[in-house]
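We're numbering straight along the sequence, starting at 1.
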Amino acid sequence: LTVGAEGFSPNGGTNSTISLTAKVGLNEGITNWRLEISQEGQGIRRTFTGRGPVPTQFVWDGQTDQGTKAVDGRYTGRLSVVYDKGNKPSTQSSPFILQSGPPQLSLELTPQPFSPDNDGLNDELLMNLGVKSLAAVGDWSLDILDPVGHRFILFSGTGAPANQLKWDGRSGTGELVQSASDYTVIFSVTDALGNKSTVQKTLAIDVLVIKDGDRLKISIPSITFAPNKPDFLQGIEQERIDKNVAVLKRLAEIFTKYQRYRIGIEGHAVMINWADAAKGQKEQETELVPLSKARSDAVKSYLVKLGIADARISTDGIGGARPIVPFSDADNRWKDRRVEFWLDRQ
């Protein structure tokens, strides 16, 4: 008695039944036969019976003798034959798996927030992966998406993943995560029966203080302003307002720690007319520089309210003069719309 597969998944998919093939050396003179499918440690769940020759193949759809769905577990088939002369041979199949549902997954990310700024504190992210499945893991992936939903880095493999992955916060091309932004981590597993399961978590990135020569730099693309205005506490969704306040309070904590440093705030913008030099220059002078300067001033005013000394802070409007990605890159130019903070020792 042989089984056609290592397991099946009776949920309407491609592996919703399993076949058992019977090979009987003498298939004549048989009074009756019986095929019992038993769950490991639980007893018989499905029975096939008949008289005369034994069928070559049996197909089980996961239903019990009572018409209910058999529960997930390990099963074995046993075929017994009674001959007219009284002989009663029997045989047993190899075990197989019934798993009707997808794998159960867990994903834990520590630390939160993640701060890969090479200061020796929370610089490495630990991603703890859990997979609970009777069926073997076919393949898995761990996809990390940037704040606008584009893939930042992908980890993947076949077979069961390691229990823990470590990440330094950089993409496959070496780009560091954006400061004070939320990334999405998606863990997916497909088992050997074709069942797929996915779990996702939000990964919060801390305000990153990066050494740049003799200076310290903080670049934040996640402060959201009202369209074409310097307002970040009105004219936008409450959720974004709350995020702005949280980011600026965190900045105030950092600036308090760096008491001996002057603070320079630069506003940066996305140029719409980047393809036309004349129009771009006009946009830069009449729109982007004044707007980015006003936004820098608005951020300064709020930091002063949070207790940072006015005399420590200077502001500037850079507009679209220093993009970090080309304006033609529609998928990534959101990174150009940012506020940068420079710390210089007094």
Donor-acceptor contact present, side-chain D206 to main-chain A180, <3.5 Å: no
Is it possible for you to say whether I205 and I223 belong to one hydrophobic cluster, with membership spreading through side-chain heavy-atom contacts below 4.5 Å? no
Applying side-chain hydrogen bond (donor to acceptor under 3.5 Å, both in side chains), run through R78 and Q92 and close with a yes or a no. CA-CA 4 Å; R78 185 175 187 83; Q92 185 169 292; 3.2 Å; yes
Just checking, R46 and F48: is the charged tip under 6.0 Å from the six-membered ring centre and within 45° of the axis? yes
Please lay out, stage by stage, how F58 and W33 fare under the test ring-ring contact (aromatic ring centres under 6.0 Å, His included). CA-CA 13 Å; F58 300 87; W33 53 265; 5.4 Å; yes
Looking at CD1 of I318 and CD1 of I265, how far apart are the two atoms once the value is rounded to the nearest 0.5 Å? 12.5 Å
Considering all heavy atoms of both residues, which atom of L98 and which atom of Y75 are nearest to each other, and what is their separation? CB-CE1, 3.7 Å
With the side chain counted from C-beta on, respond yes when T68 and Q63 share a heavy-atom pair under 4.5 Å apart, and no when they do not. no
Do the side chains of I272 and F327 get nearer than 4.5 Å, heavy atoms only? no
Just verifying a value: how many Å separate K69 NZ and D61 CG, rounded to the nearest 0.5 Å? 10.5 Å
Taking everything shown except R333 itself, do over 12 heavy atoms lie less than 6.0 Å from its CZ? yes
On a heavy-atom basis, the closest approach of N244 and S222 is OD1-O, 3.6 Å
NZ/NE/NH1/NH2 to OD/OE distance under 4.0 Å, R322 and E266: yes
L165-V189 co-clustered via ILVMFWY side chain contacts under 4.5 Å: yes
For the atom pair CG (L208) and CZ (F114), what is the distance rounded to the nearest 0.5 Å? 8.5 Å
Do S296 and T315 have side-chain N/O donor and acceptor atoms under 3.5 Å apart? no
Atom CD of E6 with >12 non-hydrogen neighbours under 6.0 angstrom: no
Do T158 and D139 have side-chain atoms, one donor and one acceptor, less than 3.5 Å apart? no
Between F8 and W60, how do the two ring planes meet: parallel, tilted or perpendicular, split at 30° and 60°? tilted
Heavy-atom side-chain contact between F232 and V245 under 4.5 Å: no
For P290 and E285, work out which heavy atoms get closest and say how close. CD-O, 3.5 Å
CG/N163: more than 12 non-hydrogen atoms of other groups inside 6.0 Å: no
Neighbour count above 12 (heavy atom, 6.0 Å) for Q57 CD: yes
Do S9 and N15 meet the criterion of a side-chain donor-acceptor pair at a distance under 3.5 Å? no
For L154 and S141, which heavy atoms make the closest approach, and how far apart are they? CD1-CB, 4.0 Å
Between E40 and T76, does any side-chain donor sit less than 3.5 Å from a side-chain acceptor? no
With hydrophobic residues grouped by side-chain heavy-atom distances under 4.5 Å, do L134 and V3 end up in a single group? no
Please tell me if the side chains of L306 and K249 come closer than 4.5 Å, counting only heavy atoms from C-beta onward. yes
A quick test of your reading: do over 12 heavy atoms of other residues, nucleotides or ligands sit less than 6.0 Å from CD of Q234? no
What pair of heavy atoms forms the shortest contact from L303 to F255, and how long is it? CD1-CE1, 3.8 Å
Could you go through D344 and R262, starting from their C-alpha distance and side-chain angles, then the distance that decides it, and tell me whether this counts as salt bridge (Lys or Arg N to Asp or Glu O under 4.0 Å)? CA-CA 5 Å; D344 295 282; R262 297 188 305 274; 5.0 Å; no
Distance (rounded to the nearest 0.5 Å) between L193 CG and K196 NZ: 15.5 Å
Without hydrogens or angle criteria, can the side chains of Q99 and D72 be said to hold a donor-acceptor pair below 3.5 Å? no
Answer yes or no: is there an ion pair linking D143 with R151, defined by an N-O contact shorter than 4.0 Å? yes
Exactly one candidate in Q178, E175, H268 meets side-chain hydrogen bond (donor to acceptor under 3.5 Å, both in side chains) with K335; the answer is E175
So, N332 and D329: side-chain donor and acceptor under 3.5 Å apart, yes or no? yes
Under the side-chain hydrogen bond (donor to acceptor under 3.5 Å, both in side chains) rule, what do S80 and S90 come out as? Steps first, then yes or no, please. CA-CA 4 Å; S80 302; S90 65; 4.6 Å; no
Could you tell me if N11 and S100 have a donor-acceptor pair between their side chains, going purely by distance under 3.5 Å? no
Would the number of heavy atoms belonging to other residues, nucleotides or ligands and lying under 6.0 Å from CD of Q259 be above 12? yes
Atom NZ of K23 and atom CG of L79: how far apart are they, to the nearest 0.5 Å? 14.0 Å
ILVMFWY cluster, L233 and I236 together (side-chain gap under 4.5 Å): yes
Would a hydrophobic clustering, with Ile, Leu, Val, Met, Phe, Trp and Tyr connected at side-chain separations under 4.5 Å, put I210 with I324? no
Output for pair (L126 CG, L109 CG), nearest 0.5 Å, gives 9.5 Å
Quick one, W167 and V177 - any side-chain contact, counting heavy atoms below 4.5 Å? yes
Are the charged groups of D117 and K211 less than 4.0 angstrom apart, N to O? no
Taking the side chain from W140 and the backbone from V137, do they hold a donor-acceptor pair closer than 3.5 Å? no
With no hydrogens and no angle check, is any side-chain donor or acceptor of R45 less than 3.5 Å from a backbone partner on Q42? yes
Please find the pair of heavy atoms, one from P147 and one from Y183, that lie closest to each other, and give the distance. CD-CZ, 3.6 Å
Answer yes or no: does atom CG of D242 have more than 12 heavy-atom neighbours from other residues, nucleotides or ligands under 6.0 Å? yes
Do L216 and W342 have side-chain heavy atoms sitting under 4.5 Å apart? no
K201 side-chain N/O to T184 backbone N/O, donor-acceptor pair under 3.5 Å: no
Any carboxylate oxygen within less than 4.0 angstrom of a Lys/Arg side-chain nitrogen, looking at E287 and K282? no
Does some side-chain heavy atom of K243 sit less than 4.5 Å from a side-chain heavy atom of D182? yes
So, D84 versus T31: side-chain donor-acceptor pair below 3.5 Å or not? yes
Between E340 and S219, is any pair of side-chain heavy atoms under 4.5 Å apart? yes
